[in-house]
Amino acid sequence: MRVRFAPSPTGYLHIGNARTAVINYLIAKKNNAEYIIRIEDTDRERSTKESEISILNDLKWLGINWTEGPDIDKGHGPYRQSERDEIYREYTDKLIKSGSAFRCFCTREQVEEDKNKAMAENKPFLDRCRHRSLEEQDKLAAEGKEFTVKFKVPENEAITFDDKIKGTVTFNSSNIGGDFIIVRSDGGPVYNYIVSIDDALMEVTHVIRGEDHLSNTPKQMLIAKALGLPQPEYAHLPLILGFDKKKLSKRHGITSVDIYKQEGYLPEALMNYLGLLGWSTESGEELLEFDKLVDLFDITHIGKSPAVFDFQKLKWMNGNYMKKYPVEQLTDMLTPYIDEAGFSTSAIERSRLEGIIAILRNSCEILSDIKNLIGIFLNDINEPDEDTDAHLKEDYALDIIRIAAEVINEVNETTYTSDFIAKIKEKSPHKGKKLFHPIRAMVTGRLSGPDLDMAMPYIGYENLKKRVDYAHKRYC
RNA sequence: GUCCCCGUCGUCUAGGGGUCUAGGACAUCGGGUUUUCAUCCCGGUAACAGGGGUUCGAAUCCCCUCGGGGAUGCCA
């Protein structure tokens with residue numbers, strides 16, 4: 001069994017494509033199959049080397065290890081379509097000579113007009129160049145007339161295939177839009193054409209791709225048939241949608257795998273989420289590490305309907321994967337984000353850093369969450385956010401601030417951790433929420449956060465005093 | 001327009017004629033723990049797109065409508 005992922009290097013790795021890559025990978029792993037990467041860079045205008053590199057990097061980061069690709073040629077290369085022109089040219093000649101394809105010299109306007117006419121009459125579009133003889137075509141071409149090469153679609157022929165996800169799908173050849181371009185006027189071959197050739201030549205046995213390719217499948221089958229090439233099995237994955245049920249795009253949130261990486265999502269969480277999207281396990285278990293995911297995966301379990309991408313659930317999953325790491329390792333993972341927040345981790349004692357992270361870790365769902373939390377410990381003073389500010393203006397909060405301002409001078413470096421809160425409690429007319437919430441707000445600058453008793457030792461007496469004094473000055 | 005695909009809680013899904021007063025997860029709400037918030041534990045709200053059939057019986061089969069998506073000459 002051989003599967004492939006064929007990205008087009010015209011941008012970053014999109015989360016929807018990543019899903020396709022992941023599903024292919026699960027299948028490959030499950031069946032011990034070869035996993036081929038093929039770069040579909042036939043769009044010369046938009047394809048870039050940088051984007052090929054970034055896509056490949058993102059795939060690696062996700063944990064996908066291909067067995068064949070641009071960097072690993074096992075005799076089926078080249079693995080970039082831009083390097084396979086000779087191969088395609090040969091097939092194109094073959095198709096033209098056999099009459100399965102023809103050169104079309106019509107202008108865009110002419111074709112548009114003909115198409116509209118056919119559409120209006122509800123008849124299949126037949127290209128006006130499709131009957132030209134080879135000699136005639138040669139003559140026109142020799143005259144220097146611009147042409148495209150088109151595949152001659154047979155009339156009224158049933159095209160059926162058994163899609164592994166969608167079931168049996170049938171098209172009528174008269175209904176797929178008529179003769180279609182396989183080579184552009186600039187000589188560049190078109191996706192729908194060479195995908196058939198490459199899949200066959202690379203001996204791909206199972207084509208698993210997005211549903212947006214479903215309507216292209218009959219064209220590709222026709223090509224393979226005309227060329228006498230083998231047909232792969234097909235499976236079309238339902239699309240991933242945004243919250244408004246429209247195809248997932250930038251306005252729905254993050255769609256670039258690279259950004260997920262930057263924001264501190266873990267590759268194993270993304271793998272889990274993407275791999276599980278569209279189906280569920282028998283037990284209902286959802287937190288599945290890679291091996292288990294592979295073990296339980298079965299493409300026939302994937303549903304037929306599109307799925308809305310649930311960012312919250314991904315975060316939930318990510319938080320769960322973060323919990324699996326020991327503090328030491330998690331600290332290493334978090335360090336870049338703490339630095340990014342403007343603190344110099346290299347200047348902080350390691351044991352102190354790990355102690356802080358042990359306290360903060362449960363409040364994080366993604367690595368970058370630490371950026372908003374770490375200031376609780378590392379800042380001298382934390383400016384209260386809007387809600388906290390409002391809270392600190394309450395009468396009971398003001399009482400607590402005044403008391404704290406006294407108490408802070410009654411404790412010292414060594415006693416504050418146990419006595420600061422205790423003494424406030426003694427003097428306070430308030431208890432419960434009206435006691436602890438103001439303390440939290442005053443000390444951390446926010447309404448929620450880690451357990452105060454746990455946090456105190458890591459805040460330090462000096463900073464505590466600064467914060468109390470600041471609050472006293474600001475609010476009283 | 002035409003062709004193809006799809007339609008169960010807000011979201012991901014289980015369920016393939018009776019065991020469905022429709023199950024699980026995320027989110028949400030409530031309770032408990034925490035002398036505070038969060039975490040954690042427990043519990044609740046919430047769905048078969050609509051209409052016709054077939055059948056003793058339909059979320060499950062068929063048809064229509066509606067809705068969404070995709071393809072339909074030089075994106076993949």
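Lettering follows sequence order; numbering is per chain, from 1.
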Partner lookup for [N], please. Criteria are Watson-Crick or G-U wobble with both distances under 3.5 angstrom; report none if nothing qualifies.
N: B/A58; answer: none
N: B/C20; answer: none
N: B/C37; answer: none
N: B/U28; answer: B/G44

Item to complete: Evaluate ring-ring contact (aromatic ring centres under 6.0 Å, His included) for A/Trp66 paired with A/Tyr25, printing each intermediate quantity in order.
Response: CA-CA 8 Å; A/Trp66 53 94; A/Tyr25 195 52; 9.3 Å; no
Figure out the [atom1]/[atom2] separation between [X] and [N], and round it to whole Å.
X: A/Lys323; N: B/A38; atom1: NZ; atom2: P; answer: 15 Å
X: A/Met442; N: B/C37; atom1: CE; atom2: P; answer: 17 Å
X: A/Tyr193; N: B/A71; atom1: OH; atom2: P; answer: 23 Å
X: A/Phe161; N: B/A71; atom1: CZ; atom2: P; answer: 15 Å
X: A/Leu392; N: B/U36; atom1: CG; atom2: P; answer: 18 Å
X: A/Asp453; N: B/C37; atom1: CG; atom2: P; answer: 15 Å
X: A/Asn172; N: B/U2; atom1: CG; atom2: C1'; answer: 12 Å
X: A/Tyr88; N: B/A76; atom1: OH; atom2: P; answer: 11 Å

Discussion item. On RNA chain B, does the nearest nucleotide to A/Glu282 precede the nearest nucleotide to A/Thr10 from the 5' side, or the other way round? Give the residue.
Written reply: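 On the 5' side of the pair lies A/Glu282.
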Counting the atoms with a prime plus P, OP1 and OP2 as sugar-phosphate, which does [X] contact under 4.0 Å by heavy atoms, base, sugar-phosphate, or nothing?
X: A/Asp163; result: nothing
X: A/Lys150; result: base
X: A/Arg108; result: base
X: A/Ser280; result: sugar-phosphate
X: A/His213; result: base
X: A/Gly278; result: sugar-phosphate
X: A/Lys247; result: sugar-phosphate
X: A/Leu276; result: nothing

[atom1]-[atom2] distance between [X] and [Y], expressed to the nearest 0.5 angstrom:
X: A/Arg467; Y: A/Ile459; atom1: CZ; atom2: CD1; value: 5.0 Å
X: A/Ile176; Y: A/Ile159; atom1: CD1; atom2: CD1; value: 5.0 Å
X: A/Thr10; Y: A/Arg44; atom1: OG1; atom2: CZ; value: 15.5 Å
X: A/Leu274; Y: A/Ile15; atom1: CG; atom2: CD1; value: 5.0 Å

Practice prompt. Between B/U36, B/A76, B/G70, spot the one nearest the side chain of A/Lys433, thanks.
Written response: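 It is B/U36.
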Item to complete: Side chain of A/His437 only, please: which of B/C37, B/A76, B/G68 is the nearest?
Response: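 In terms of side-chain proximity for A/His437, the closest of B/C37, B/A76, B/G68 is B/C37.
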Distances under 3.5 Å between nitrogen or oxygen atoms of protein and nucleotides 4-11 of chain B:
unit_1, atom_1, unit_2, atom_2, d
B/C5, O2', A/Lys166, NZ, 2.6
B/C5, O2', A/Glu211, OE2, 2.8
B/C6, OP1, A/Lys304, NZ, 3.3
B/U11, OP1, A/Lys245, NZ, 3.2

Worksheet entry | A/Lys117 atom NZ, over 12 foreign heavy atoms within 6.0 Å |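 No, not enclosed.
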Worksheet item: Do other residues, nucleotides or ligands put more than 12 heavy atoms under 6.0 Å from the NZ atom of A/Lys164?
Response: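 Count over threshold, so yes.
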Pick the [atom1] atom in [N] and in [M], then give their distance to the nearest Å.
N: B/G18; M: B/U55; atom1: C1'; answer: 12 Å
N: B/A49; M: B/A22; atom1: P; answer: 15 Å
N: B/C20; M: B/U2; atom1: C1'; answer: 40 Å
N: B/U54; M: B/C3; atom1: P; answer: 28 Å
N: B/U8; M: B/C48; atom1: P; answer: 11 Å
N: B/C42; M: B/A47; atom1: P; answer: 24 Å
N: B/G51; M: B/C66; atom1: C1'; answer: 10 Å
N: B/C29; M: B/U45; atom1: C1'; answer: 7 Å

Discussion item. Using a strict heavy-atom distance below 4.0 Å, which residues from residues 180-187 of chain A are in contact with RNA chain B?
Written reply: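 Heavy-atom contacts with RNA chain B come from A/Ile181, A/Arg184, A/Ser185.
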Fill in: RNA chain B contacts made by residues 41-56 of chain A, counting heavy atoms under 4.0 Å
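Those residues are A/Thr42, A/Asp43, A/Arg46.
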Worksheet item: Tell me, do A/Ile408 and A/Tyr416 make a side-chain contact under 4.5 Å, heavy atoms counted?
Response: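 No, their side chains stay 4.5 Å or more apart.
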Worksheet item: If you look only at pairs with a residue in residues 382-404 of chain A, which of them pass as a ring-ring contact (aromatic ring centres under 6.0 Å, His included), with sequence neighbours excluded?
Response: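 As it turns out, the ring-ring contact (aromatic ring centres under 6.0 Å, His included) pairs with a partner in residues 382-404 of chain A, which skip direct neighbours, are A/His391-A/Tyr396, A/His391-A/His437.
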Discussion item. Suppose the criterion is ring-ring contact (aromatic ring centres under 6.0 Å, His included): which pairs have a residue in residues 149-186 of chain A, not counting sequence neighbours?
Written reply: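 Applying ring-ring contact (aromatic ring centres under 6.0 Å, His included) to every pair that reaches into residues 149-186 of chain A, excluding sequence neighbours, yields A/Phe151-A/Phe180, A/Phe161-A/Tyr234.
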Item to complete: Starting from the C-alpha separation in whole Å, work towards a yes-or-no answer on ring-ring contact (aromatic ring centres under 6.0 Å, His included) for A/Tyr265 and A/Tyr273.
Response: CA-CA 11 Å; A/Tyr265 285 81; A/Tyr273 183 74; 9.9 Å; no
Worksheet item: How are the rings of A/Phe311 and A/Phe309 set relative to one another: parallel (under 30°), tilted (30 to 60°) or perpendicular (over 60°)?
Response: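 Correct class here is perpendicular.
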Discussion item. For B/A38, does the base pair up with any side-chain atom of A/Asn362 as donor and acceptor (N or O, under 3.5 Å, distance only)?
Written reply: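 No, no donor-acceptor pair under 3.5 Å.
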Practice prompt. Grab the two heavy atoms, one from A/Arg184 and one from A/Thr148, that are nearest each other, plus how far apart they are.
Written response: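 The pair with the smallest heavy-atom distance is C-CG2, 4.2 Å.
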Worksheet item: Taking all atoms of both residues into account, what is the closest heavy-atom pair of A/Tyr475 and A/Leu398, and its distance?
Response: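 Taking every non-hydrogen atom into account, O-CD2, 3.5 Å.
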Fill in: Listed partners of A/Lys313 passing side chain to side chain donor-acceptor pair (under 3.5 Å), at least two apart
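Partners of A/Lys313 by the side chain to side chain donor-acceptor pair (under 3.5 Å) criterion, ordered by chain and then number, come out as A/Glu286.
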Worksheet item: Would you say A/Lys315 reaches B/C26's phosphate, i.e. side-chain N/O to OP1/OP2 under 4.0 Å?
Response: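 No, because none of the side-chain N or O atoms of A/Lys315 sits under 4.0 Å from OP1 or OP2 of B/C26.
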